[in-house]
Each structure stands twice: as structure tokens, then as C-alpha cells.
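Numbered from 1 within each chain, the chains take letters A, B, ... in sequence-line order.
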Amino acid sequence: MSAATAASKAIEITPELVAEHGLSTDEYALILKIMGREPNITELGVFSAMWSEHCSYKSSKVWLKTLPTEGPQVICGPGENAGVVDIGEGLAAIFKIESHNHPSFIEPYQGAATGVGGILRDVFTMGARPVANMNALRFGSPDHPKTRHLVSGVVAGIGGYGNCIGVPTVGGETEFDPAYNGNILVNAMTVGIADADRIFYSAAGGPGNPVVYVGSKTGRDGIHGATMASAEFDQDSEEKRPTVQVGDPFTEKLVMEACLELMATDAIVAIQDMGAAGLTSSGVEMASKGSVGVELDLDLVPMREEGMTPYELMLSESQERMLIVLKPGREAEARAIFEKWELDFAVIGRVTDTGRLVLKFHGETVGDIEVAPLVDNAPEYDRPWEPTPKSPIIHIDDVAAPNDPMEALKQIVGCPNMASRRWIWEQYDHMVMADTNQRPGGDSAVVRIHGTDRALAITTDSTPRYCLADPEEGGKQAVAEAWRNLTAVGATPLAVTNNLNFGNPQKPRIMGQIAGAVSGMGTACRALNFPVVSGNVSLYNETSGEAILPTPVIGGLGLIEDLDRTVTVAIPREGLDLVLIGDTKGWLGASLYLREIAGRAEGAPPPVDLTAEKRNGDFVRGLIQAGRVAACHDLSDGGLGAAVAEMAMASGIGATLTDAPAGLALHGWLFGEDQARYLMAVENGADIIAEATAAGVPAMSVGQTGGDALTVAGTHTISIQELRRSHEEWLPAFMARP
Amino acid sequence: MKTAVIVFPGSNCDRDAAVALEAAFGTAPAMIWHRDNTLPNLDLILLPGGFSYGDYLRSGAIAARSPVLRAVKEQADRGVPVIGICNGFQVLTESGLLPGVLMRNAGLKYVCRDVDLVVESTASPFMRGYKAGQRITVPVAHHDGNYFADDATLDRLEGDGRVAFRYAAHDNPNGSARNIAGILNERGNVLGMMPHPERAIDPKHCGTDGKAMFTGLVEALAA
Amino acid sequence: MKAKVHVTLKNGVLDPQGKAIGHALESLGFNGVGDVRQGKFIELDLDESDPDKARARVGEMCEKLLANTVIENYSIDLEG
Amino acid sequence: MKAKVHVTLKNGVLDPQGKAIGHALESLGFNGVGDVRQGKFIELDLDESDPDKARARVGEMCEKLLANTVIENYSIDLEG
Ligand SMILES: Nc1ncnc2c1ncn2[C@@H]1O[C@H](COP(=O)(O)OP(=O)(O)O)[C@@H](O)[C@H]1O
Ligand SMILES: [Mg+2]
């Protein structure tokens, strides 16, 4: 082996050290085979990072491969920093979702903030200007002593980062469940827009080309606690080094502007943000994608702290850094741009034709690894799994009717999982960039494509209680609901990104949830022409053996061709007909009603009929795009009752709703969660119902808009004011509690 | 008519402001980088919202000491209209062009929402498009918008008719003294306000109640 | 040499953060907490070894940037 | 009695504020300023006259509210 530095040589690679790096004995044996010798500590660190679940997707890859990723609209599917879809007129939307679950539990503000920073980088790395942020959040029970602190920190952190960088946070979702007590979920999504012919990729090329480091300096942020605590590394540090990364949105804003400025030239060969595993993953991925080698001189890395070792430099997760391969001779031009933005700029290495990652430090070679096997031979496991046992189907007759249906409705719209999220989104600048056409609170956020009358619709969705009961149907439902939310604003759904949040994949039961959910997602994406273009996997969300609910979060993106032909959930005026699209059977299994009112969390979730979804959704979208719908809301949690209440609360105009059709109990009518349904307010209900019937779409007249109350079946009534009080009160009151 | 938007590192409403100015004036404003220490002769200068220098130390503090601010001050002294919106208002108070300070919101949280404003004074070019007493709805989006000055200063501002906008009673989003949302300098050519009129020029975004500020400015400057 | 600067709000200036901390302490069950004020504490490394010069220099920094003297006071301690 | 609490970032934790202040001082022409770190300074009035009890009490306040002990250290001085 070539010379290693004293520092690296001093550390003996013991089985304990290997284990601390999260590598199994088999994996280590493979490393020995690839290296043909024992790795030094820096090399071990590189393998450990690249073969981590996070970077290698070793437990999920076999399943992810089954997802549909193609379609005429797809410019770039999974595998790059983010997915790219064609949105017409020479533009592309670039988007992705990513989790920062564990760091946000440890330090909610910084964890969430750096999560937003990371996903923003993934998107602008590809040449897009970010135009919207979303966030999908799951917290523990409201009664859990940590919950309030976590909600407050996470929301402040997401706002703190997004507000400062000036990208609007336009929507998301927030749920509470005791299953997240020890593992909250913070999934952040960013959507950006780029010229379709100016997308930047990460494949390095051109041996001899300079490898450039830009952005913040490297510190010891986020280097794995377990290894850092070992005495050899940290002898002179009196306080245990925090592994928490601190975000600097101001610097990120500068990095973003500088990168976009450089991208307007033709100086870039490849560009890659430094995310998880920092310089290691960015360097290795750029080399691997381009089938080239990279040689880095670690002395040239801008450093924030003294005495940093090659190991630390390669594994640091300091934020707001990028790696760029420039065309030859373009250094000065690039440097001038970064200096204008007062950012560090350093040529730290070269592209080579050796196919090897070579690391130099103090004039010696401290790492030398062949890139292809490091990436291609990364472990991949087809882990054993058990299918989730089917839950029983719950019949309406077995579910108690409420004493007072309007009281039940009031309770449902005010329960922790349905209450207004205003307290959250008012802390987010959701209007900066002046293109937010639909603010948080509706089915999808609608963000205008700057300078045009076209827009993107964005949503995130998952119903973990369905996924727990039936991962396959739950996976389908998450996709279907995202597709429906886009449809409900009149958008044509284009593609999805997804964040798979699960427990320990080494448990066959959990692996069964993953297998089921991914399979359901794939089925739904295929049926709805809604390919997956990017995503992220977060496993091991368990504490003391207690796993989170299976939570496959779908981030959906759709296109609106004409902003004059989009609708919101708000009932705009009196005297409109309410038309319900889709079949209502009164499915109460795994429903909110069952849990919140009947106090039972059980039963099979509503089945998803993808043919009906597609047919009903296409019909509704057609009407909206033809300008024939005044307001529309898809039906999901809380069913018809919750939907009509939300439509009324959004504008202050009430409605009367007909009684349940013959043979259906009122609580099934109001609170059943049958899928593939929409409630529309329209000018001429009879015509629309006739057209629907002709098209084979179930449709029925269910009432009229007007007044300042909600009245059902002529007798049950509640004022909008009272509904609103219940809906708006819970979250601020909860957050104000000591 | 020549207008300019000053861009600091961390400004993020600069584009929104430029769109609003271009819509009203028909020509795009000059985008002036913070390091420029000389300015061309201008008819209107706008300091945009955002987080100049990350709003580190104090909101607007570092921007207020940048070279370009000296040049802005010179033009303000010559009577050129200067408007600071949100972070721009913070820069104006930090630089001494306007009295008082903008402290952390009373609720301590960032707040982004529509607020109802009352137009108080129409005695400046900025307010020409409005009627005194008019109520308008314009969004706010800030963490430090809690206007504070000593009582003597507040009395003077009110006595001199230099309160441009107030939050409607019961709609004060940040705890500002006397519900103050925007103030003028003595000469009436410098306006600072926390709400964002440039976000309210388009029915497809946040309504149009901010438009009159820009169209009024066009008229006032042409007069 | 190291300078430690305390920047505190002048008397009579409202302190929303201090007030909120006071409230929060109370609701956490800490009784008997009176006034709470929050200020800033800034540490600077200086390549100046003469204490008088250092003090003058840091004073200037405070006047020009570190404190908003309309509402804030500052004090300077030197070390090392 | 009065408690003065200093809350500072732990070593090695990035301090974006301090960094920005350092930059700003430099561009204002102050040379020779090295590292700048910004922390919080909190003053509390307590109705407690026993220093040991006061210190314990304020320590608890720091752990529970005043400091984010994942990334911050705190120190307590008592007066009066
Ligand atoms: N964390 C959040 N950030 C911003 N907006 C949120 C957040 N959580 C929920 N929202 C908004 O609240 C509204 C209701 O959310 P949700 O009930 O999940 O909608 P849906 O049932 O249509 O998917 C949506 O407009 C959503 O964007
Ligand atoms: Mg919806």
C-alpha cells in the first residue's frame, strides 16, 4: 500500500471499529477483497458512508426498482440529485423530497432547518431556481412531553431557513400519533424551475479538469458520534463534540445565487451538492457517474477548524457546500463569481482517468480506492419479509352512530389531525416570489410559473393509519390522494417524488410493510400515469423496538395550463349546486370517525379502485379546465362531512346537504372514507350529473350552497362560526399550553 | 423616470419589487449591487425585503453600514424618494434615515399573513394613490416588525403627520407601538413600512391593494 | 487579546424576548422570577496587545456596528 | 438577587452570526479581528437570597429553557 499518514496509520482497524462504522463482518470481508489489503481509517470511513443505508439504499433498492419511472413527461428519473419533468414552453420542473427525521428529533430547529437547506441544494444543483418548499411532518402524541417542543422547533427551523433564503413554503401536512413519540418525521420537498435544455448533472468528465469546492468552510459538523468519541480522534477535546449541523440560510442563499450565475455560463462540466457524507459521497458519485477517477488534495479544502484529519474532512457534513467540475481554464471566471458573493472557492483536485478515488494529505496518499466496486458492489439485500395480515372489514352496522352528527363533525374538524395548520403556515413566508396563487389550506398549493399564466400544483400525502392496516392499499391510497389533490385544483398530474419512512428493515414484519407499500405505490403510479422521478428512504425509525407507522409520503406535482381555469376549496357564492362524484358506500374501517368518535383504531382501510380514480378524476379535471366548476375538494380524512365543512369554513358561505341515500346510515354518508370522490360546487348540477352518468362516472346532487351554517338532512345544523372555532382553536391552544 | 432597487446579499424581495416597479413605471428598475458606492441620478430608490446579511446581529444592521447606503443617504438628502419595505424599513431605521427601531415581534414568531391597514397620511408622493382613512389589505412577512420609539418620538411622528400606515386596531401582527406599520421622515421623501405593497399588485397573488402606491408614485413623480 | 462585549437594552426600552422568557419560566413553574432582560454577548479575538488601544478599537466597533445606541448600551471586558 | 447567565455555542458548532459580524467588521475597515462568536446574555431578578439555592434554580432554568444544551453551554453569575 502507498504511504499513509501517521495519523491514519496510528488507528488499528479492529472489529469493534468496523462495527461502529455500521459495517457487518460480511461487508468488511467484501471491503478487504475490493481493496486487496486492509483499509486505513479514512478508507474505512469512505466505505462506511457509501455503504450506509442512506447512501446505498441497500435494503430498499430491490423494491425501488419495481417503481415506474418513465413517461413522455420525464426528462430525468431517479438517480440524479432530483427528478426532472417537462412542463412545456421550454421549461422543466425539478423536484425531490428528503427526510431529516433523526437530526430533527435531536435538535428540532437545526435539524429541520438543515433538512430544508439540503433539499434546496439538491434542486438548485441541477440548474433550477427553487420556487416552492413543502414539508410533511409527523409528531408523537400531543400528550407526550416532548411533542410541543418538537413542533415548535421544527416549524421555526423550517421557517427560519426557507424564509431567509426567500423560497416560499407553500404547503405540507402535519399529523400526530403516539407511534412517532420517539421518532418524528420531517420530510422536506423543494420544487424548482429550469430551462429544459440547461439541466446540470453530476457525472464528472474530462481527465485533467479541475474539481472545485465552493461554499462554506468545512468543520467537524455531523461526523458520526460513535466514531468521534473514540479516544484516538478526540484526545484534547474536553466537551463531547456535538454532531449537530447548524444551518446558515444566508450562506445558502449566496451559494444558490452564485451557482445559478455560474450556470448561466457554459463553464460547468458537472456539479453536485455535498449532502449526507459530504465530500465522500459527492466525490465518489461524480466519479462513478462519469466512469472516471478523482484525485483530491485535502490540504486545499477550506477548513473552519484546526487540525482536521483526512477522515474528518471526508466525512464532515458541514452545510452549504458544493463540488463542481469545471471545463479547463474556466477557474478564474468561476472564482470571480464566487468571490463576488463572498464565498470560499478552492480548486481541490482533478478528474483523472484512473477510475480511482485518490486522497492526498500533507503530501502523502491517505486514501486510494477503486470507484467502480465501491459503488457497484455496494451491498444490496433482498431482506426477508412477511406480508401484513389482513385487517377485518368493519361494517357500518357495527359502528355506533353519533349522538349528534354535527357535534361529531365539529369534533372531527377540530381533532389534532384535522385542525387548521394556520399556526404553522403563518410562520412560513408562503408568498415571497409573488407567485403563490393558492396558499396553504387547500388541496394543493398552486404556484405560478413566473411571468406566465401557467402554474404548478404541489401536494404531499400519506395516510399512515391505512398503511399500517394494509400497506399495499395504503401505498396505493397515498398516490391516489396526491393525484386527487392535484386534480381537485384542475391540474394535470405529472409525476411524484416519494419519501419512504419505515422502521427497522431487518425485521420481516417491517420489511413486509415496505414491500407492500412500495408495491401499492407502483401499481397506483402505473395506473394513473404518475411516474416516480425522485425520492428518499428513511429506515430504522424505531425507539426501543417501537416502530413508527409505515409512512410512505408522496409528493405530487401537476401542471395548470391556465390560471383562470383553476379552483379552490372555498365556496364562492350562494345558490350553487353541490355535486358529489364517486361512489359512497360509507367505509368506516380505519376512518377518522372510527378513531375520533367511536374510539376504535382498527379495520381494513378503504380499498382503492384505480380505474374509478382515473375515470372520476379525469372527469372532474375536464370540468374544471372547461371553467364549469366554482369550487372543488377531494374527499379524504373525515369524508363528505369534513369536506363540505372545509369548503364552507374557507369562505364563510354555508351549505345544505341532503340526507343519506336510502340504505346508508347517516354516519356512513357523512364520515365514510370511500376513495375516488370529489365534492364540487357548480352552477348547473343537473347537466353535470347527466354528463357524468353518460361517461360512466357516479355522480349525484347532494345539496346547495348558502347561508352561514351547515345543515344536513334538514334537521341537523351547525354554524360555520362554531365549526371554525373548533377547527382553528386546537393547534394554537395546544402550542400555548405550558 | 429612473428607478432602482438596491440588492444586498440576502435580499429576497428584490425581484418582486422590480416586477412591481416595472408594472407601474413601464421600465425595469436598475438593480444596484450593495458594493456600488456611487449611484446614478435616480427618481426613486427602493430597499427591498429579505434577510440582508442573514439579518444577523440585528435585522438590517449590517446592510445599513454598507457603502451603497451612504450613496442612498446622499440622494435622500437631496429629496429623492426612498422607500424601504420590510427589511428595507429595518435598514432605514438602522441607518438613521428614519427614527425608532424594529424589534422582535411581540409573539416572538415570524408572521406571514394579510393584515388590514389604515392609510393615515397622504402627504407624500408614496401615498398619492390612497385616500386618508382608507382601509387596505396587504400582507406582512417578518420576524422583527415591532416598531418601537420613545414616547417623545412617537408623539412627534403623530403630531407631524408622519405615520403613513397603521395596522387596523385588533390586527396588529407584531406589537408595534401605536399600531404603527409605516412612517415617513421629516421631509416626507423617505418611507419605511413593514407590510409588502409589492406583493399586492396582482389578483392572482395577494390582491391589488398595494398597486396604488406604485401608480401613485408614477403620478407624483411626473407632476 | 480577547474582548468580551455585552450589549444590553437601555432602561425603558421594551424587551419582547425578555418578557417572553419571563412568561415561559413562569409557566414552567419557576416562581419568584422578576424582570428578565435578554442581551447579546459577543466575543472577539483581536491581534492587539495594548489594552488601551484594544478598548478604544472595540468601543468604536460597538458604536459603529455592534450596538444600536438608540436603544442599547454596551460594555467591554478585555482578557489575555 | 440577580442572576446573569451567559449562553454560548459549544466549540466546533458553526456560528453563522459570528461569522457575519466578523465579515462586517472587516468591511467597515476593522482589521486584525479574528474569530467572532455571538452568544446570549440573560439577566434575571430572583426573589431568592440563598446563593446556593439561586444557582441551582437558575441551572434548572438553563437546562429547561434558557440554553439549548445540544449545541450551547451556559454559565451563571450571581450578584447582590
Ligand atoms: N406543515 C405544513 N406546512 C404547510 N402547510 C401545511 C402543513 N401541514 C398542513 N398544511 C396545509 O394544510 C392543508 C390541509 O392539509 P391536509 O389535511 O394534509 O390536506 P389534504 O387532506 O388535502 O391532503 C393543506 O393545504 C396543507 O398544505
Ligand atoms: Mg385534499
Side-chain angles (χ1 to χ4, degrees), chain B residues 6-12 14 32-39 47-74 84 86-88 90-97 101-110 142-144 146, chain D residues 2-48 54 57-77 79:
Chain B
I6 310 293
V7 185
F8 302 101
S11 293
N12 64 31
D14 43 334
I32 308 269
W33 184 236
H34 70 115
R35 287 227 198 102
D36 294 351
N37 33 27
T38 55
L39 289 177
L47 304 178
F51 287 71
S52 56
Y53 298 92
D55 273 356
Y56 295 136
L57 190 63
R58 295 180 307 276
S59 294
I62 299 178
R65 284 137 185 100
S66 64
V68 75
L69 242 283
R70 241 168 285 141
V72 170
K73 267 188 193 161
E74 279 164 23
C86 197
N87 195 229
Q90 294 159 344
V91 174
L92 290 174
T93 55
E94 275 285 344
S95 67
L97 276 163
V101 288
L102 291 148
M103 311 199 45
R104 183 61 25 126
N105 294 345
L108 297 195
K109 289 194 286 291
Y110 189 94
H142 59 249
H143 211 161
D144 298 308
N146 184 350
Chain D
K2 232 182 155 84
K4 304 193 166 196
V5 178
H6 286 88
V7 179
T8 51
L9 282 172
K10 288 184 179 173
N11 274 335
V13 175
L14 174 75
D15 180 4
Q17 304 232 41
K19 202 171 87 180
I21 296 171
H23 262 294
L25 287 173
E26 218 176 283
S27 38
L28 283 174
F30 293 102
N31 303 319
V33 180
D35 210 28
V36 180
R37 307 280 285 173
Q38 175 171 327
K40 286 189 197 114
F41 174 59
I42 302 166
E43 296 171 281
L44 305 150
D45 280 335
L46 298 176
D47 71 347
E48 173 66 72
R57 205 153 173 65
V58 176
E60 219 188 310
M61 293 178 194
C62 288
E63 292 285 339
K64 282 211 179 141
L65 180 76
L66 303 180
N68 176 353
T69 52
V70 179
I71 51 172
E72 292 172 333
N73 291 325
Y74 60 88
S75 69
I76 302 168
D77 296 300
E79 241 175 48

If one checks every heavy atom of B/Leu57 against chain D at 4.5 Å, the contacting part turns out to be both
Which residues in residues 23-44 of chain D have any heavy atom closer than 4.5 Å to a heavy atom of chain B? D/Ala24, D/Leu28, D/Gln38
Of all the heavy-atom pairs spanning B/Tyr56 and D/Gln17, show the shortest one and how long it is. CA-OE1, 3.4 Å
Identify, with sequence neighbours excluded, every residue that meets side chain to side chain donor-acceptor pair (under 3.5 Å) alongside D/Asn68. A/Glu107
Could you label the plane-to-plane angle of the B/Tyr53 and B/His34 rings as parallel, tilted or perpendicular, counting under 30° as parallel and over 60° as perpendicular? perpendicular
So, the side chain of B/Asn146 versus the backbone of B/Arg104: is there a donor-acceptor pair under 3.5 Å, distance only? yes
Closest contact, heavy atoms only, B/Ser59 versus B/Asp144: OG-OD2, 2.6 Å
Do B/Asn105 and B/Lys109 have side chains that approach each other closer than 4.5 Å (heavy atoms only, starting at C-beta)? no
